[in-house]
Every structure is written in C-alpha cells, then in structure tokens.
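Just so it is clear: chains get the letters A, B, ... in the order the sequence lines come, proteins before strands, and each one is counted from 1.
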Amino acid sequence: MAKNLVIVESPTKAKTIKGFLSKDFLIKSSFGHIRDLSKKNLGVDIENNFTPSYEIPADKTKIVNELKKFAKESDMVWLASDEDREGEAISWHLVEALKLKENKTKRIVFHEITKTAILDAINNPRKIDKKLVDAQQARRVLDRLVGFELSPVLWKKIKPSLSAGRVQSVAVRLIVEREKEINSFKSTSSYKIIAIFKKDSLPKQTNNNEIKAELSQRFKTKDHATDFLKKCISANFFIKNIEKKSTKKSPAPPFTTSTLQQEASRKLGFSVSKTMLIAQQLYESGKITYMRTDSVNLSNLALSMAKKEISNIYGTKYVNIRKYSTKIKGAQEAHEAIRPTYINIHNTGKDDNQKKLYALIWKRAIASQMSEALLEKTNVTIEANSIKEKFIAKGEILKFDGFLKVYMESDNTENDIQNKMLPPVAIGDKLISKEINAIEKFTQHQPRYTEASLVKKMEELGIGRPSTYAPTISTIQKRGYVVNETRESITRNYIYITLINDKIKEEIKTENIGYEKSKLFPTDIGIVVNSFLVEHFKNILDYNFTANVEKEFDEIAQGKKIWNKTISKFYKPFHKQVEDALETTERISGERLLGKDPETGEKIITRIGRFGPLVQIGENKDDKKPKFASLRKGQSIETITIEEALNLFKLPRTVGKYEENEIIAAIGRFGPYVKHKSDFYSLTKNDDPMTISEQRAIEIIEEKKEKNRKKIIKEFEENKNIKILNGKYGAYISFEKKNYKIPKDKDPKTLTLSECLKITKEISNNKKTVQHNFKKKKNN
DNA sequence: CAGTGAGCGAGCTTCCGCTTGACTT
C-alpha cells in the first residue's frame, strides 16, 4: 500500500506525474471541482451571512468515495490542485469532503509538469490558503446570486427559460452593440489614386521595371479625382526622394487558450469548440501540454529543448530564447503556455485535424524562441513640378527571415513575407506614367464578431476563463440570443476612372461586399433581453464590472477584505434593482407596428411571443382571434417589412395531389417541409415552400421513401413492430419507438425474431438496474 | 419532432469555473 496519496485535478496529469515519483506515491485525480452550490435552490443563505450550502453532485459521488477510501489508507495526503483561486478551493473542498486531518494533509503546487518542479513542490509544502479560498467563494456566490436572481426576472418579463449572468450577458451585449453600430453606419466614399510608372530610359530590359505608387491623399468627389487625372496628362514625373529604413519583426508568444482558438479559427477554420476538442485529444495522448491556460510562460526544460532543436534545424543564429510575460487582466497563470511536450517531434496526430493543430502549436512555440526578422523598407517619393500632391511607392526586402522561417501570424497575410522589390532607381530619375487610376473606395463598418474574435475581446475585458470561453459561446447560442451564420454577399457599384495614353475613361465596376462567413449575429430575443438588462442592471452589464469585482476578490485573497461582507455590500443594492425591475416594468415583447392589413384593415404587429418572434394580424377581442405566423430564419422584428410579414401568412399552402392525397407545404420548428398523408418531408436549401411545384414535392417524397427502404435490413412478418435498421452508427433494432444496440458478435442480417426480442429485453433490464443504482446513490 | 401565440396555474427553467467520460442506435 502506498504511503502517500497525491490528488491532482486532471487524470492525464496524474498519469504523467506517476513517472516522476516513487512507488510510495499513489497519484489520483479529482476531475476538477468535487463540490458545488446546491442546484435546486439558491444554495446561498442570504439571511445568514451568505453561507453557501455545498453538495457533491451526483456524477462526483463515485470519485469522492474512491478518494475517501485511498485517503484513509494513506499516511499523508498531498493536495496538488492548480496554483490559482479555483485550485485552492478544490483543495479546501477535498479537505472538507474527505474529512482530511490537518496533520495528515499537505498542500503543494507546481505550474509546470517536470520532475524537478514536482520534487521541489514536495520539498516545500504549505497549508491551504483560506483567504484565497474565500476569494473563490466570493466569486462563486456572486455568480450564483447574479445568475439566479436575474434569470427569473427574464422569465417573467420576456420569455421562460432565458438566462443572464456576469459573463454571458456581457458577451451578448458586445454582439448586440456591434450590430447596432453596423446598422447605423453610413458608408462614405473617396477616390484612391494608384499609378503605375516606368523608368523613362531603361539601359537594359529587366523584368521588374514598373513602380506601383499611391497618392498620399484621397479625393472626396469624382470631380476632384478627374481634375487631378487631367493635371497628370502633361506632368513630368521624377523621383524626388528615396528613404530606406531597417525594421525588425518579433515573433508572437506561444499559445494560450485564447490565442490558440483565434489562430485555429483563422488558419484552419476551426470553431472554438472544435479547437478545444482536438487539443484535448492531443493533451490526453501526451502530445501537448495543458490546453486551458492563460499563461505565455514556458518551462526551463521547454526552453532548453527549443534551443537545441532550433540550433539543430536552422543553426544557432536563429536562436533567441525569450521569457514572455502576460498582459492579460486577471490572468492566473497556473499552467505553462500550450506547447508540444516533446519539441523535437515536428509532426504527429492520429488524424488530419490533430496533425494540423499540432503543427500550428509546434510552429508557434518554436518561432517564439527564434530570432527577429530583419526587414529593409524603402519609401520612394514621386513628384511632378506641375502637381503639388505626392505619390509614394513602398518596397520591402527581407534581409534575414529569422522566426518567419516557421511561423507567420495570420494578421499579416502571406504576401507580406514575400519581397516587394522596387526596380533600381535613383533620385532625379525621370518616370513616365503607364497608367493612373482613380478608384472609388467605400468606408467599411466594423467587422462582426466571429467566435474567436469574441473570445479575444472577452479576454481583453477579463470576462470568462480559458475553461469557459467555448461553453459560454455555445450557451448564448443555445439560449437563442445569438446565431452563428454565414450570409451571402451583395454587389455594389463603384466608379473606376483610368488615365491611359492621355485619355480619361470612366467606367462602373461591381464588387461583392458584405459576405459574412461564420459570424455572430444577435437575434430579436438577444436584442430585447440586452436592452432590458442594460436599462435595469447597467452596473452588471458594464464592461468593467468583472474587472472591478476581480479587484475586490484580490483584496479578499490578500486578507484586506472579508468575503461575505463584500458580497453583502454588493447584494443589498443589487437585490433592490431586481425588485424594482419586477415591480415597475411591464412584460416586454419588443412590439413594433408594421401597418394595416390591406384586406381587412386590421393592425399588423410583430413581437416576441412564447415561442419566439411572430407576426400578428388583428387583436384578441370579443370572439375574434388574431392570426399568427412565426418569423423565418434571417428575419427580425427590427427589419421585417409589411410585405414580408404578409407573405408569412401564405403558408401552409396546398401544393397539389399525390396518390389521392393532398401535399401541403409549410415551415415548422425544423425548417421548411412538405406533408403528405401524415408524414413530413424536409425541404432542401434550394426549395422554397412558397413556390415549390407539385412535381418537385413528389420527387422529395419519393427520395425519402427510397432512403427509408434502404434503411431496412430486415423485417418480420410475424411482428411488424420490430425491425432491424441501418443507422448512422451501423445496424440497430427498432422496437416500440425505442432503439437497441446489436451485440458485436451477432450478424444483423441473420438475427431471428426471438433473438431480437431477447436483445431488447436484456438491454431494457440492464437500463432499469443502472437507473436504480443511480437513484440509490443520489439518496445517499 | 413540424398546426403553438389569451389566461389560469401547476412545475420547470437559470449562474461560472474546474474536470472528463457517458452515449448513442
């Protein structure tokens, strides 16, 4: 029996550490937090100094009991949870839940998983820092109070099942306000002048004898631009000045969770949750260090590995070892930056995604320890005596590539690395203009957030943590506040004026604008909830709220403040706000009057109903009932027109007849469909229920029927209720609307009816016992 | 799983942060 029990947070970490310690140490993991506030009620006793009531969640009872047993059998328990606020709380909860004795318990910390770091930690144990634990309790209780008092206000005033919280509500606010800015943005245009010059006299023909230059100013109107081009007709251009400047470019620090999510999104097109899933796989197979971190720090071991590796591949002049420090507010830095475990492995991974993400992590980590790139920038000024404006041509030569050999941050496009060479010119050289163009350019609105750029913004504001970025983004989508959509571009005309061979020609060209790939758009519900919260809970929705309370948590951790007094000071005015909001405001529906029905003259309004945004014709009075229709995807209360609203009432629509029965087209909860007899058939993206033809509808019905026929592997004459079907995960048995797995050793094609019934019975019985066990444990 | 939308009232929903399996069918 091991004399020592070490408890860490992650099982993978436990596995790694096992190799560093002797057999006297048993390493186990708590799988994160083991206790939390009660789920059923508030879980905080407001009357009694905000005393929290903690519970062990059902899915943690097993691990807690196991740890209890091991603790009992050990002489010493080493609590090795992470070195931050949450980690300290986990250790404290372990002491409480496992009933650990003080003289048998030690708290140790390490923020890199290396043998020396761990042995060092064992030699320097300490006690649990109760002040840090209190700071965590304050954080936890505050979040519970805010979330569980605000959400019910939304249920009453707007719609059931909505939610609000310190983090998610601010994330939604960012998206709503960005959309408002975009809606009120007025694009203006100006004319950019681009000239292509050639050297007047060329001693010998070279490939590169053209100079592309931009005028240092833009013109506000077409007339100004045209006037300028006219002046250029007779102008004699020459090189007025040449300026050379050496610059350096430094690599970005190694990845944190947030920067990994951003780069994987931009370079690999991964969603935030996909990045985390694949990173988790790499972590669990020992390929990379921990993927939920806000630290840019690398261990000394990693630095020396990197130094050796860079020298080996590129030579010592490419080595430049750096220690990075974080600039992020509220960073806790309990772990290393994300890096390959073994820096000498350049490529690894079980599938394409793992390989791509690993390569990205490797490059970024290696580049962070490489030399700066050296560039020479050249600015050439081109003038003509008859013109007061200047043209500037820019050139750039890479003198030494340094870290650019392996990694380029995608803010800078690939083109940036390539040399932008200028032809050899000298001051005073005469130039002829091959062509000069005036191009109408429009100002752009701010970009909409992507998942990854939202994470970046949240991190800047100190909202959320590496472990919650991905879940928060999925929460605000699940609540229907925000949608992640790709919207097609629209075309816009712009004016293009050219001056070639002394002739000015004006043409109208078109460009595609507004293509939005995987961007976050607020929904009507998101907009209404946000404006309600901002109006009544301005302080909570303030972008600095988290940063401000973090300061207080820090003071609690330093022992300058008592946690429940701090909470009490916050809670009193906050609770008053909640009561005021409940009393004073009416139910909010975001109602907007669209106009009158041309047929009946009744009012048409759009608003949020129990099931989301709708259009309503007429009012509910006397015997008359209003007519309702749900808004379609992409439509919103703010922008829907009366024509679009009236169109919604054209469904459901009879399309035609098939096999003696009517085909009806409509839009349901899961999108557009046609209905035939009592069966539903989903329409494809290209079909419109408003216009779909009888012929096309029949095609869709037949396609699905054919697919269903293929799905059936076996049916039984004796019992029509049981079938063997082919599904996404292979063959399975369908029986009385429930599905059953077929044991691996059985061939689905040869199963008999009695065998099938036996399988369903066995699985049902197993399930019952599992549920029974679960209930029993819950009662404990 | 696809026709909802008043109002009544039951009972439910909800937070953030720390961790991975369950589980398909």
Ring of A:Phe148, cation from A:Arg144 - is the NZ or CZ under 6.0 Å from the centre and inside 45° of the axis?
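Yes, cation above the ring, under 6.0 Å and within 45°.
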
Please say whether the positively charged group of A:Arg166, taken as NZ for Lys or CZ for Arg, lies over the ring of A:Phe545, i.e. under 6.0 angstrom from the six-membered ring centre and within 45 degrees of the axis.
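No, A:Arg166 and A:Phe545 do not form such a contact.
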
Under 4.0 angstrom, heavy atoms only, what part of the nucleic acid is [X] near: base, sugar-phosphate, or nothing?
X: A:Arg465; answer: sugar-phosphate
X: A:Ser682; answer: base
X: A:Arg479; answer: sugar-phosphate

Classify the side chain of A:Arg139 versus the base of B:dC16 as yes if they form a donor-acceptor pair under 3.5 Å and no if they do not.
yes

Hey, is the side chain of A:Arg140 pairing donor to acceptor with the base of B:dC15 inside 3.5 Å?
yes

Selection: residues 145-153 of chain A, any non-hydrogen atom under 4.0 Å of DNA chain B:
A:Gly147, A:Phe148, A:Ser151, A:Pro152

Determine whether the aromatic ring of A:Trp155 stacks with the base of B:dT13, defined as ring centroids separated by less than 5.5 Å and ring planes inclined by less than 30°.
yes

Watson-Crick and G-U pairing of DNA chain B written in dot-bracket, each distance under 3.5 angstrom, with | for inter-strand partners
.........................

Locate the shortest heavy-atom distance separating A:Ser10 from A:Tyr283; write the atom from each residue and the value.
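So the two residues come closest at OG-OH, 2.8 Å.
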
Take A:Ile34 and A:Ser38, find for each the nucleotide of DNA chain B with the closest heavy atom, and name the residue whose nucleotide sits nearer the 5' end.
A:Ser38

Whichever of A:Ala164 and A:His335 has its nearest DNA chain B nucleotide further upstream toward 5'
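Counting from the 5' end, the first nearest nucleotide belongs to A:Ala164.
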
If the test is side chain to side chain donor-acceptor pair (under 3.5 Å), which one of A:Lys13, A:Gln332, A:Arg292 qualifies with A:Asp82?
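Single side chain to side chain donor-acceptor pair (under 3.5 Å) partner of A:Asp82 among A:Lys13, A:Gln332, A:Arg292: A:Lys13.
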
Side-chain N or O of A:Tyr290 closer than 4.0 Å to phosphate OP1/OP2 of B:dT19
yes

A:Glu336: salt bridge (Lys or Arg N to Asp or Glu O under 4.0 Å) partners, not counting sequence neighbours:
A:Arg339

